[in-house]
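Heads up, the thing below is written out as structure tokens.
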Amino acid sequence: MLKKIQNHLLINHPIAWNTKVIPLSILLVLLNIIFFIVGYSTTSVNFDETDRNYLYDNEITVNFFAVLVSILALIMWLVYYFKNNSFKSFYPRTNFSLFKEWSITLLISFLLSLFITSFYFGKDVKMRSYYSESETKRRCEILSKGSFFIDGSFSNNYNDSEYTVAEPAETIDTASSAQNYISFKGKKYSWNSLLNKNLNHYSCFDYKSDSVRKVSIQNLLVTNQKDSIKRILKNYLSIAKEHKLQANVDESKWFELIYNYPTYENYKIVGDNGVGDYYYPDNYNNNYKFDSINKYIKTINGQQFEYYRYFVPEKNMSYNYTKISDAWNSPIINLSTLLISIYIAIALSLLVFSFRVTSGRNWLIALVGIGVLNILFGILSAIIGSQFSYPILLLSLIILLLFYFIITTSKKTRKQLSGITLNGTLWLLPAIIPLIYFIVLENFKRIVHNTINIDYYKHTLYPTIKFLEVNSINMAYLNIVFILIMMLFFSINIKKWKGIAED
């Protein structure tokens with residue numbers, strides 16, 4: 001069947017025939033599906049694992065084979081593709097024939113660059129298959145609330161609005177380690193009070209919602225709402241029980257250990273059930289003694305470890321639910337990481353396309369020339385000592401190459417060095433928008449930093465800087481549109497350029 005399709009393409013669509021786009025696309029799609037299946041099938045949530053005790057998977061091996069398969073498939077395709085120079089054998093009948101050929105090359109290059117992406121996308125999909133997004137959020141909220149009553153860090157006084165809550169002033173949590181107290185609703189509590197505990201963050205929520213959740217728990221404590229506190233502990237332990245994880249306290253015992261209304265200063269610590277920290281006697285002295293009330297020392301293979309007397313499986317659940325939460329809210333494959341495959345495909349397609357429309361000699365000379373110029377630009381930038389030197393020099397080179405090509409195609413006299421410069425222009429084309437973006441952004445930052453007696457965040461240019469930084473990904477996608485438009489321009493003009501006499 002494929003042979004019949006190829007014969008039909010040979011007669012009616014010679015460019016599609018020569019690029020082998022149909023059989024190769026089918027092969028590459030199948031390979032991407034295989035890598036997706038590998039990623040999906042090799043990913044699992046193991047609640048016996050923590051951030052200190054996890055099993056390495058086969059990511060490195062799969063990535064190696066993905067690159068190897070990509071290289072082999074690329075070589076196989078180029079061998080068949082370069083057998084017949086479609087530009088010479090089948091001279092384009094329309095102005096868009098070359099653009100069509102480059103588009104096919106871009107498609108094949110994109111499929112070649114997707115193997116690793118497909119593998120990690122399979123891993124993301126598998127992680128999301130355990131729970132729906134709403135269920136993941138519900139469980140992470142339970143775990144986040146429960147973490148407030150587990151040994152961990154204490155709060156500091158955050159002034160950034162990202163860490164505070166838009167609440168009346170008397171409810172905002174403030175802490176002063178220097179004065180060794182916190183203030184909550186107009187009352188002072190010890191800095192080591194349970195009220196000053198942090199809770200764990202999950203990517204399901206932003207820091208503002210974390211702060212709102214913390215304030216709600218503090219309100220429960222100061223208003224002595226015992227049943228609500230017990231419900232938080234019970235819900236936490238029910239998730240632990242579902243995953244068959246060990247805890248040596250139930251909600252009643254846990255509540256008894258941590259509840260010390262109204263000051264919450266004299267409470268017992270409930271920690272994690274995992275392997276404890278190494279015990280070194282030299283770490284303790286008269287000012288800092290070992291906490292024998294909440295911990296005990298256990299010797300394993302001649303090494304002493306510190307263990308909590310009362311524990312819950314916090315690290316196991318936090319580690320695994322963080323992975324599930326990240327799969328929904330911060331997946332490995334997203335619009336940002338997809339750009340890697342897209343730009344690899346663009347770079348590869350431009351290298352292949354430039355070789356097709358010029359010659360191997362011009363291609364190699366351009367490669368050496370661009371490399372040498374980049375080294376010289378680097379040396380000059382180091383001598384000048386300015387961060388703008390290299391991008392400005394490179395952008396100037398691209399503009400000069402572009403103008404040289406336009407002048408050559410307009411005059412239609414001799415090609416001269418235009419075959420070499422055309423390669424360089426095509427290769428450097430994707431850098432135009434990013435270079436302009438970098439120069440503008442960094443120049444604005446320099447202006448703001450050099451402005452005297454004006455706060456950085458109050459400068460008139462700060463909104464523009466913030467806008468540019470936030471929209472960096474959008475800039476990258478806008479650059480892709482620019483590349484497509486420019487390649488349409490080049491495809492039309494390369495046909496004219498091919499008609500110019502050689503030297």
Side-chain angles (χ1 to χ4, degrees), residues 47-53 140-156 158 173 175 177 180-182 184 189-202 210-211 213-218 220-222 229-241 243 245-261 263-280 283-284 287-298 300 304-322:
F47 281 91
D48 291 330
E49 294 181 356
T50 69
D51 58 350
R52 298 178 61 179
N53 176 34
C140 288
E141 184 174 12
I142 291 173
L143 298 180
S144 180
K145 286 182 177 180
S147 68
F148 187 87
F149 303 98
I150 302 170
D151 189 28
S153 63
F154 292 92
S155 294
N156 289 309
Y158 294 106
D173 171 40
S177 58
N180 204 31
Y181 72 85
I182 65 167
F184 183 75
Y189 298 87
S190 168
W191 194 83
N192 292 316
S193 169
L194 183 63
L195 282 166
N196 195 33
K197 271 286 279 89
N198 282 322
L199 41 71
N200 283 350
H201 171 73
Y202 291 91
D210 283 344
S211 188
R213 192 176 308 109
K214 176 181 175 179
V215 170
S216 68
I217 296 173
Q218 290 173 319
L220 295 177
L221 290 170
V222 298
I229 299 298
K230 287 182 179 180
R231 192 178 302 114
I232 292 174
L233 305 180
K234 182 179 180 180
N235 291 338
Y236 181 97
L237 291 172
S238 66
I239 296 179
K241 185 177 180 181
H243 298 300
L245 298 173
Q246 291 185 347
N248 66 350
V249 294
D250 56 18
E251 63 268 21
S252 298
K253 181 63 176 178
W254 192 355
F255 179 82
E256 177 187 333
L257 291 169
I258 57 93
Y259 206 76
N260 181 234
Y261 179 82
T263 62
Y264 297 99
E265 295 178 14
N266 299 316
Y267 58 92
K268 299 294 190 299
I269 294 177
V270 177
D272 181 71
N273 66 339
V275 176
D277 296 324
Y278 289 107
Y279 171 75
Y280 296 107
N283 290 343
Y284 300 100
N287 295 323
Y288 180 60
K289 296 182 179 180
F290 175 72
D291 185 5
S292 59
I293 296 176
N294 295 299
K295 294 182 178 181
Y296 67 94
I297 299 170
K298 183 178 180 180
I300 302 176
Q304 292 181 311
F305 294 88
E306 299 178 11
Y307 281 81
Y308 289 99
R309 295 188 183 276
Y310 306 101
F311 58 80
V312 292
E314 168 61 17
K315 288 184 179 179
N316 299 75
M317 295 203 291
S318 174
Y319 175 73
N320 287 283
Y321 274 98
T322 294

Looking at Ser144 and Arg213, what are the two nearest heavy atoms and their distance? OG-NH1, 3.3 Å
Roughly how far, to the nearest 0.5 Å, is the CZ atom of Arg231 from the CD1 atom of Ile142? 11.5 Å
Across all chains, not counting sequence neighbours, the salt bridge (Lys or Arg N to Asp or Glu O under 4.0 Å) partners of Lys295 are Glu306
Using the side chain to side chain contact (heavy atoms under 4.5 Å, CB included) rule, take Val222 and Tyr189 through it: C-alpha gap first, then chi angles, then the decisive distance, then the call. CA-CA 11 Å; Val222 298; Tyr189 298 87; 3.5 Å; yes
Asn294 and Ile269: which non-hydrogen atoms are nearest, and at how many Å? OD1-N, 2.8 Å
May I ask you to check whether Phe290 and Tyr279 place their ring centers less than 6.0 Å from one another? yes
Considering the options Tyr259, Phe184, Trp191, Phe148, which one meets the ring pair (Phe, Tyr, Trp, His ring centres under 6.0 Å) requirement together with Tyr264? Tyr259
Is the closest basic N to carboxylate O distance between Lys253 and Asp250 below 4.0 Å? no
Does atom CD1 of Ile300 have more than 12 heavy-atom neighbours, drawn from other residues, nucleotides or ligands, at distances under 6.0 Å? yes
If I compare all heavy atoms of Asn273 with all of Gln246, which pair ends up nearest, and what's the gap? ND2-O, 3.2 Å
Just how far is it from atom CZ of Phe149 to atom CG of Leu233, taken to the nearest 0.5 Å? 6.0 Å
CG of Leu194 to NZ of Lys268, rounded to nearest 0.5 Å, is 13.0 Å
Looking at Asn248 and Arg309, would you say the former's side chain and the latter's main chain have a donor-acceptor pair under 3.5 Å? yes
Nearest-0.5 Å distance that lies between atom CH2 in Trp254 and atom CD1 in Ile232: 9.5 Å
Take the angle between the ring planes of Tyr284 and Tyr288 and call it parallel below 30°, perpendicular above 60°, tilted in between. parallel
Minimal heavy-atom distance between Ser153 and Asn198, with the atoms involved, is OG-ND2, 2.8 Å
Any side-chain donor near an acceptor of the partner, Thr50 and Asn316, under 3.5 Å: no
Are the side chains of Asn200 and Glu314 in touch, meaning some heavy atoms are under 4.5 Å apart? yes
Do Leu143 and Tyr236 pass the side chain to side chain contact (heavy atoms under 4.5 Å, CB included) test, and can you show the C-alpha distance, the side-chain angles, and the key distance before you say yes or no? CA-CA 6 Å; Leu143 298 180; Tyr236 181 97; 3.8 Å; yes
Could you give me the CA-CA distance, side-chain angles and deciding distance for Glu141 and Tyr202, then say whether side-chain hydrogen bond (donor to acceptor under 3.5 Å, both in side chains) is met? CA-CA 8 Å; Glu141 184 174 12; Tyr202 291 91; over 6 Å; no
How far does OG of Ser238 sit from CD of Glu251, to the nearest 0.5 angstrom? 9.0 Å
Taking the six-membered ring for Trp, are Tyr321 and Phe47 parallel (under 30°), tilted (30 to 60°) or perpendicular (over 60°)? tilted
Centroid separation Phe305 to Tyr278 less than 6.0 Å: yes
Side chain to side chain, Ile229 and Leu221, heavy atoms closer than 4.5 Å: yes
Using side-chain hydrogen bond (donor to acceptor under 3.5 Å, both in side chains) as the criterion, list what pairs up with Tyr308, not counting sequence neighbours. Asp151
Between Met317 and Leu245, what is the shortest heavy-atom contact and its length? CG-CD1, 3.5 Å
Nearest 0.5 Å, what's the CG-CG distance between Asn266 and Asn192? 11.0 Å
